[in-house]
Structure formats: C-alpha cells, structure tokens
Amino acid sequence: AGKQPGPRERCVVEMRPLLRRATALDGAAGRGRTPLAMARAGLRMVATDLSQAGLRALHDAAESEQLASHVWPVVADFDNFPFRAESFDSIINVSFLSRGVFPELFRALKVGGVLLVDTFLIDQAKIGHPVNPQFLLGHYELRDLLAELELMRYRERLEVYPDGSRAWR
C-alpha cells in the first residue's frame, strides 16, 4: 500500500527534535500516522487507542515499512490509565483531549522527559469538527493544565493545511 504520509500536524514535525530518542507513548494513535512518522525518525513508539481496527491497520503499516520492532500497538483506555510511573521518555498527545488524564501523563513521563500536546481550541467549533466543548480547549487552558511542567514552547493559532482546510489548534 506504500508509505503512509507523515503527521498532519505541523507541530509534530517542528517539535520532533525536542523529543527524546528512546521510548515514547502516543495516546489516541488511531491508524498510526504520528507513531509511524516518529518510528521513521528513530523513536520506539507505544501507540495506544481504543480502536482495535485502527491499531491493526497501524500494525500492518509498521510491518510493511519494516518498523514493527519500533512500533508497539496497545489497546488502552485512558480512563483506566495502564502505564507505570516514569515509563516514557516522551509522550505525544495529538487531537485528543481528556483533561483528567494529564496527571497520569505527568506520572508516566520520566524525569527530563518531554510531553507534546496539540489539540483543538474552542474557536474550532465555529469552523468544523469537533464542536463539543468537552473536546475543545479554552484559550490558555493548556498552559494551566501543564502548570507543573517546564513549558518549552506554546502557541495557539489557526492552522491552514496544504489542502486549504483549517483548524484552530
């Protein structure tokens, strides 16, 4: 089927050099666009999602790209966070918002690790999916959620993609 494209979100590409090149967690990995791109860059990825079908597609893609030794799909529910303290050098959370999981992410991050979060802002409801405020961050809310961590980079903006679509992130 050929190589899957790299991550859609520009911040993942821009922030990749900040991620520690060891074991990383991707929460809500879906079909694996981000974990595959990170595995290509040399990270070992634990890719979690509730969707067995999505993770099966990720597994197949990792096999076809000879990345299976760098990508471990795991069916996981973040409402019952399954990982031990200090398990990951980096954690990537893209397009998924569960405010209650942040303390668990902090706990699972090794000392000196990096947490990359990129998700939708409240303004997104005016232009498209998602529209439920439960899945949309208020302005500067993420800064508050991450208050106990050292903030390396932060931005809120309208992203315009090559296909012309837009998203508030």
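Residues take their numbers from the sequence shown, with the count starting at 1. What you see is a predicted model, and the numbers here were worked out from it, not measured in a lab.
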Please round to the nearest 0.5 Å and tell me the distance separating atom CG of Asp60 and atom CG of Leu55.
-> 11.0 Å

Apart from Val131 itself, what residues make up its hydrophobic cluster when side-chain heavy atoms of I, L, V, M, F, W and Y under 4.5 Å apart count as a link, directly or indirectly?
-> none

Pairs meeting criterion ring-ring contact (aromatic ring centres under 6.0 Å, His included) with involvement of residues 118-161, two or more places apart = none

Check: Arg31 side chain, Ala61 main-chain N or O, donor-acceptor pair, under 3.5 Å = no

Mind checking what makes salt bridge (charged side-chain N to carboxylate O under 4.0 Å, His left out) contact with Arg107, not counting sequence neighbours?
-> Glu104

Does Asp163 have any side-chain hydrogen bond (donor to acceptor under 3.5 Å, both in side chains) partners at least two apart in sequence or in another chain, and if so, which?
-> Ser165

Who pairs with Glu14 by salt bridge (charged side-chain N to carboxylate O under 4.0 Å, His left out), at least two apart in sequence or on another chain?
-> Arg155

Arg169 meets the salt bridge (charged side-chain N to carboxylate O under 4.0 Å, His left out) criterion, sequence neighbours left out, with Glu9, Asp118

Supply the atom-to-atom distance Leu25 CG to Leu105 CG, rounded to the nearest 0.5 angstrom.
-> 7.0 Å

Any side-chain heavy-atom pair of Leu116 and Val12 under 4.5 Å | yes

Could you name each residue pair satisfying salt bridge (Lys or Arg N to Asp or Glu O under 4.0 Å) that touches residues 130-143, not counting sequence neighbours?
-> Arg99-Glu141

Does Thr48 reach the main-chain N or O of Asp26 with its side chain, forming a donor-acceptor pair under 3.5 Å?
-> yes

Do the non-hydrogen side-chain atoms of Ile122 and Leu137 ever get within less than 4.5 Å of each other?
-> no

Residue list, salt bridge (charged side-chain N to carboxylate O under 4.0 Å, His left out) with Arg166, at least two apart or on another chain | none

Rounded to the nearest 0.5 angstrom, the CZ-CG distance for Phe78 and Asp49 is 9.0 Å

Working to the nearest 0.5 Å, report the span between CD of Glu63 and CG of Leu58.
-> 10.5 Å

Are any of the side-chain heavy atoms of Thr119 and Val94 separated by less than 4.5 Å?
-> no

What pair of heavy atoms forms the shortest contact from Val71 to Ala39, and how long is it?
-> CG2-CB, 3.5 Å

Connected to Val111, directly or through other members, by ILVMFWY side-chain contacts below 4.5 Å are none

All side-chain contact (heavy atoms from CB on, under 4.5 Å) counterparts of Trp168, not counting sequence neighbours = Leu121, Asp123, Gln124, Ile127, Leu158

Given side-chain contact (heavy atoms from CB on, under 4.5 Å), test Arg157 with Arg10 step by step and report yes or no.
-> CA-CA 12 Å; Arg157 69 181 183 194; Arg10 199 171 298 146; 4.0 Å; yes

Any side-chain heavy-atom pair from Met45 and His70 closer than 4.5 angstrom?
-> no

Enumerate donor-acceptor pairs with a distance under 3.5 Å from any side-chain N or O in residues 79-91 to protein atoms, sequence neighbours excluded.
from, atom 1, to, atom 2, distance (Å)
Ser87, OG, Arg84, N, 3.4
Ser87, OG, Arg84, O, 2.6
Asp89, OD2, Thr23, N, 3.1
Ser90, OG, Arg20, N, 3.0

Looking at residues at least two apart in the chain, or sitting in another chain, which of them share a side-chain contact (heavy atoms from CB on, under 4.5 Å) with Gln52?
-> Arg56, Val75

